[in-house]
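Structure first, then comments.
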Number of protein chains: 2
Amino acid sequence: MTDSPPDVLASRLGYLFKHAHARLLDVAGPAMAPFGIDGRELAVLAVLGAGAPLSQQEAAELLGVDRTTMVALVDELERKELVERHRSAADRRKNIVRLTEKGRRCLEGAGDARDAAERRFLEPLGESGAAGFVAALQILAGARPL
Amino acid sequence: MTDSPPDVLASRLGYLFKHAHARLLDVAGPAMAPFGIDGRELAVLAVLGAGAPLSQQEAAELLGVDRTTMVALVDELERKELVERHRSAADRRKNIVRLTEKGRRCLEGAGDARDAAERRFLEPLGESGAAGFVAALQILAGARPL
DNA sequence: TATTGTTATACTCTATAACTATA
DNA sequence: TATAGTTATAGAGTATAACAATA
């Protein structure tokens, strides 16, 4: 990553998104590493642990990834014994994906680590600056009604 | 892209960066398409058009891409007749990459189109909100001293 | 020896198409 | 016929290793 980019790039949103995201990964990646998962896997654990039981496809839709991508993601999480597939009794085409006890502990530990990493990442903005930034980002990401 | 993501995701910076960036591409991609280039190619034209003549490696460092990636990028821009390679007389290992007249016109037109697209993207934040957001993003991307 | 550009190669992430089993 | 999961495959984008020309 470039440390001091030229002016022609410093105002380009695409460049700024890419590099800000890369800096976030620099902080959050090592924070989650001790738990043996990365950010995408943590996001899967989070939606599975959030509330109602989900099928693979339902989880994929929530995360905005393809259902074929979800197959590999669940394969890996199952290999790590963090989730289990169960055929749905109501609709035997569906795989209900459940957190294991180990998965729940991992979600909790890695989630806390990632939250702390995000706070460190946002630190340069100050407390109110960080809150305003996240709110703006939620609007731009379409995660919040206008 | 998910339209209304669940709460467990709406506060995650990685998710927000990914989806905000995707929304930006939705707006900026079509805006640049009439000029036959994408955002990465426009970024190359921009650093080449900014000031001093650059070698491939120097341009690659400014953009934060690998020098092997730059080879393919310059190949494509040369095929479109937007840039020209010239062996440096001072150091014959180096390729100085220069904008052609066509490249300069493309930089100007596509640059304006992209600027307008970015303004539309930021519109929901209001004028001062947008300025604050970009300033914060520059800090987080390391594009601006703290 | 080190550096620039280049090629070949591989790896990650993602998407499309086709198959299976269920509905 | 349509859907959920799966597999195979292919396309970006990027990175590593090795080579030729040059320093």
Side-chain angles (χ1 to χ4, degrees), chain A residues 1-2 14-15 17-19 21-22 24-26 29 32-33 37-44 47-48 52-79 83-98, chain B residues 1-2 14-15 17-19 21-26 28-29 32-33 37-44 47-48 52-79 83-98:
Chain A
M1 286 303 123
T2 309
Y15 179 92
F17 275 132
K18 174 183 166 189
H19 286 75
H21 197 177
L24 171 63
L25 293 179
D26 287 344
M32 293 183 299
I37 61 173
D38 62 22
R40 288 166 70 238
E41 292 172 331
L42 178 56
V44 177
V47 297
L48 294 177
L54 297 173
S55 70
Q56 290 186 195
Q57 186 136 293
E58 287 157 352
E61 279 162 16
L62 287 176
L63 291 165
V65 304
D66 196 79
R67 64 191 169 124
T68 62
T69 303
M70 185 56 61
V71 174
L73 227 27
V74 174
D75 281 348
E76 180 63 14
L77 290 172
E78 201 168 41
R79 196 189 62 74
V83 305
E84 285 170 352
R85 287 173 161 104
H86 298 275
R87 279 286 177 212
S88 164
D91 184 341
R92 294 174 42 71
R93 292 172 301 182
K94 295 190 181 182
N95 275 342
I96 302 300
V97 188
R98 281 206 321 234
Chain B
M1 285 306 121
T2 310
Y15 179 92
F17 274 132
K18 174 184 166 187
H19 285 76
H21 198 176
R23 292 226 159 177
L24 172 62
L25 292 179
D26 288 344
M32 293 183 298
I37 60 173
D38 62 22
R40 288 164 70 238
E41 293 172 331
L42 177 56
V44 177
V47 297
L48 294 177
L54 297 174
S55 71
Q56 290 186 196
Q57 186 133 265
E58 286 158 352
E61 279 162 17
L62 287 176
L63 292 165
V65 303
D66 196 80
R67 67 192 168 124
T68 62
T69 302
M70 184 57 61
V71 173
L73 226 27
V74 174
D75 280 349
E76 181 64 14
L77 290 172
E78 201 168 41
R79 196 190 62 73
V83 305
E84 285 171 350
R85 286 173 161 106
H86 298 276
R87 278 287 176 212
S88 165
D91 184 340
R92 294 173 44 71
R93 291 173 301 183
K94 294 189 180 183
N95 274 343
I96 302 301
V97 187
R98 280 205 322 232

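When reading the values below, keep in mind they use all heavy atoms of this one structure, side chains included, and skip hydrogens, waters and symmetry mates. All values reported here derive from a predicted model rather than from experimental measurement. Chain letters run A, B, ... following the sequence lines, proteins first and then strands; every chain starts at 1.
As rounded to whole Å, 13 Å separates atom P of C/dG5 from atom CD of B/Glu78. If you measure from atom CG of B/Leu73 to atom C1' of D/dA15, you get 15 Å, rounded to the nearest angstrom. If you measure from atom NE2 of A/His19 to atom P of D/dT14, you get 10 Å, rounded to the nearest angstrom. Between B/Lys94 atom NZ and C/dT6 atom P the separation is 14 Å, expressed in whole Å. In this structure, the NE2 atom of A/His86 is 16 Å from the C1' atom of D/dG5, given to the nearest Å. The nearest whole Å value for the distance from the CD atom in B/Gln56 to the P atom in C/dT4 is 11 Å. Between A/Met70 atom CE and C/dT16 atom P the separation is 16 Å, expressed in whole Å. One can place CG of A/Leu25 at 16 Å from P of C/dT12, the figure rounded to the nearest angstrom.
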- Message: How would you summarise protein contacts on nucleotides 16-23 of chain D per nucleotide, using B for base, S for sugar-phosphate only and - for none, with heavy-atom distances below 4.0 Å?
- Response: BBB---BS
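Counting heavy atoms from C-beta on, the side chains of B/Gln56 and B/Val71 come closer than 4.5 Å. Using a 4.5 Å cut-off on side-chain heavy atoms (C-beta onward), B/Arg40 and B/Leu73 make contact.
Ion pairing between B/Lys94 and B/Glu58 holds under the 4.0 Å rule for side-chain N and carboxylate O.
The one candidate from A/Val97, A/Val65, A/Asn95, A/Asp75 that meets the side chain to side chain contact (heavy atoms under 4.5 Å, CB included) condition with A/Met70 is A/Val65.
Considering every non-hydrogen atom in both A/Phe17 and B/Leu24, the closest pair reads CD1-CD2, 3.8 Å.
Both A/Arg40 and B/Gln57 sit near DNA chain C, but only B/Gln57 has its closest nucleotide nearer the 5' end.
Within 6.0 Å of CZ on A/Arg85 lie more than 12 heavy atoms contributed by other residues, nucleotides or ligands.
Of the side-chain N and O atoms in A/Arg85, none sit less than 4.0 angstrom from OP1 or OP2 of D/dA4.
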